[in-house]
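A note on names: the letters A, B, ... follow the listed sequences, proteins ahead of strands, and every chain is numbered from 1. The analysis underlying the following values was restricted to heavy atoms, covering all of them including side chains, and did not include hydrogens, waters or symmetry mates.
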Amino acid sequence: MAGHKTDPMISRRALLASTAAAALVGSTQAKARFLSGEVPWAPGAATPPEPALPGGWIYFTPDEARAVEAIVERLIPADELSPSGKDAGCAVFIDRQLAGPYGGAERLYMKPPFVAGTAPEFGPQSPLSPAQQYRVALKSLDAYCRSNFGGKGFAELAPEERDKVLAAMEKGEPKFDGFGSRPFFNLVLQNTMEGFFADPIYGGNRDMVGWKLIGFPGARYDYRDFIDHVTEPYTLPPVSLQGRAGWNPGR
Amino acid sequence: MKRALSLAASVLGLALAGGSTAALADGQDYVTITRGQYLATAGDCVSCHTAPGGKPFAGGRGIMTPFGVIYTPNITPDRETGLGAWSNDDFVAAMQHGVGKDGELLYPALPYPYYTKVTRTDLVAIKAYLDTLDPVRNEAPPNGLPFPLNIRTALMGWNMLFFTPGEFQPVAGKSDEWNRGAYLVEGLGHCGACHTPKNALGGDKGDKVLAGGVLDEWTAPNLGGDLRTGLGAWSTEDIVQYLKTGRNAKSAASGPMAEVVYYSTQHMTDADLKAMATYLKDRAGAPAPVAPQPVAATDPVMQAGLAIYQDNCSACHVSSGEGIARLFPALKGSAVVQADEPETLVRVVVQGTRAAATRAAPTGPGMPAFDWKLSDAQVASLLTYIRNAWGNAAAPVSADTVKKIHGRLTDTAATP
């Protein structure tokens, strides 16, 4: 088994290298364009970010959505510093991400072999896309809660009970079918933090609460007026790719 | 289009090498032909008489007028579809009087009201140059003008009202340089075609020569001496730099002016550019409008505009509005920004813009489009702000005005 464990990895890497080479060759032969003079430009051309679609849940079923809201509400509870992960829109963020290229693992190499226990630099080792991981793990979570908490689903548990379940998942104690409770915990924690601090245009970080919490100025890239005044506080409010309230008169 | 010009040059070379005896017999010698090429460049014929992606001088570009589209004809020496059968007299009549080969009246979209000032000798040199081009068969598409404007005889009335034929007469008491500048600006350069405001029928407002006009949702600013809306703060050297390189420490040429610089003025001699600048700085311009009271910085619209400016524009144009010399135009003190007509401002914020790339300044710096993130109302606050910040003063811009101009924008004026 030991020999087996490394050989496929090598061949997988070799395969990656050869596809990269093929892609390079392919692009020089078929797609290369010679540009002389200057880079082409056209009026009105922009590649704006795609904002999260408004409206109801896109990927999650209503039950799944309730469970994920209940999770993110405990991972980032409301306190004197900020609203909860739920109120900041983290579940909406995750829903939209799972419905898009991230959820479908469109940019990951998803062919076998998948080898458990490899070093982190080998990347995720699951045949399931993130969207499928949520689906499978949320089902296990529901089953786990119902059998251990008198028939209640995760969202119906008291806050302390939910924390207990999450703490157990973090240690990998509950046995989940198809996708482990510990990798699932790590995945949701990662996605919740992303939702809390990503640009509000993607559905989370509502009203830039995450940025206000840590004093991040947002989508700005010019600090020339401030660079020489490092001892003075930076006074500009954070701004999203979509703007901020101050862009409208009287706000 | 660089290709186009060098193609023209090589054709010229061939014609000369082949020793076209007919041409020589007509007195169309090398000196005349090269002078004609230079003058055709100064007159910017190629920019109008070339369709996008088409053969140079073969016509077919649609010229937007407030009345409809007029397509430029083929001016290569093709006998059937071009000027191949035109005599010098035919050509001079078209350029100086707006009369076509069959006596029909031409639309002033051909800027004959300005070319009329060009001397016959210069026009014949231009014709000599055009005769050396490869003949291209190309018929211009029919014009899109509504009745009664599609009836050419209607132009007789127009000419009576707005057209003063006659070659340029040097002004006594002014230097040769000044007169050369006036000849180029008023004549071949046809600067007034864009920079002189037009009346409802498209004629020049005679009392407002070069006082600033609007074309195709671009504002061509006042070329008079006013500090706020004109060239008052520009030195002769600033003007020369602008016309030669497409930019200077204060500004950069966008849109139609980028075309003028790209096809025409960057190829002109320093002496001619300096002559034009000397004339522009010295001529008695029309009186400029009185500066309005600037909108107060405390006005909520100004506050919103400031916020939008800080978050979107200051990275390039700098919070002081002073820009970066030769890269990002200054908005502070800018005539374009403070012009009565905000067309350019709406256009560049909505669509973005790129300065001309010239031989002297080959990188055309660009500005991105903002339509995907700013509403018309936000653009209005932003423009009101840049028109009234840093000592600027100009009328506020309403969301309605932005909406109207935005709705009329087309992609036709891409920078060359």
Side-chain angles (χ1 to χ4, degrees), chain A residues 33-54 198-203 205 207-208 210-212 215-230 232-251, chain B residues 1-3 254-255 299-320 324 347-348 350-359 362-375 377-382 384 399 409-416:
Chain A
R33 268 210 296 159
F34 285 96
L35 296 176
S36 60
E38 47 180 331
V39 181
W41 183 91
T47 38
E50 283 174 40
L53 295 171
D199 196 285
I201 205 164
Y202 304 112
N205 192 7
D207 299 328
M208 296 175 277
W211 293 352
K212 285 175 190 158
F216 179 66
R220 299 179 183 284
Y221 58 98
D222 174 33
Y223 299 96
R224 281 168 299 184
D225 289 346
F226 307 95
I227 206 93
D228 292 332
H229 307 275
V230 284
E232 289 159 38
Y234 181 81
T235 49
L236 288 184
V239 61
S240 152
L241 289 168
Q242 237 158 5
R244 57 178 162 111
W247 288 12
N248 301 312
R251 299 280 299 277
Chain B
M1 273 322 294
K2 264 183 230 135
R3 230 183 328 127
S254 331
D299 188 303
V301 170
M302 287 289 281
Q303 298 275 322
L306 166 68
I308 301 169
Y309 184 83
Q310 281 172 331
D311 297 349
N312 295 284
C313 323
S314 65
C316 292
H317 294 285
V318 183
S319 54
S320 64
I324 305 273
R347 186 189 267 277
V348 302
V350 166
Q351 289 195 329
T353 173
R354 185 162 75 179
T358 54
R359 279 185 310 190
T363 319
M367 161 166 160
F370 286 92
D371 58 340
W372 62 273
K373 75 192 289 195
L374 297 178
S375 68
Q378 287 168 338
V379 173
S381 304
L382 170 64
T384 300
L409 290 180
T410 59
D411 288 354
T412 49
T415 304

Of the non-hydrogen atoms in [X] and [Y], which two are nearest, and what is the gap between them?
X: A:Y221; Y: B:A315; result: CE1-CB, 3.3 Å
X: A:G246; Y: B:A307; result: O-CB, 3.6 Å
X: A:G44; Y: B:A369; result: CA-CB, 3.9 Å

(message) Less than 4.5 Å apart, side chain to side chain, heavy atoms only: is that true for A:W247 and B:S381?
(response)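 When only atoms from C-beta onward are counted, B:S381 and A:W247 do not touch, as no gap falls below 4.5 Å.
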(message) Please classify the contact of B:M367 with chain A as side chain, backbone, both or neither, using a heavy-atom distance under 4.5 Å.
(response)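 Just its backbone gets close to chain A.
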(message) Does any backbone or side-chain atom of B:L374 lie under 4.5 Å from a heavy atom of chain A? Answer side chain, backbone, both or neither.
(response)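 Side chain only.
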(message) Strictly less than 4.5 Å between heavy atoms, which residues of residues 237-244 of chain A line up against chain B? Please order them by number.
(response)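 Residues in range: A:V239, A:L241, A:R244.
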(message) Tell me every residue that passes salt bridge (Lys or Arg N to Asp or Glu O under 4.0 Å) with A:D222, counting only those two or more places apart in sequence or in another chain.
(response)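 Per chain and number, A:D222 pairs via salt bridge (Lys or Arg N to Asp or Glu O under 4.0 Å) with A:R224.
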(request) Go through B:D371, B:D311, B:D299 and name the one with the most non-hydrogen pairs under 4.5 angstrom from chain A. (result)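 Sorted descending by pairs with chain A, the first entry is B:D311.
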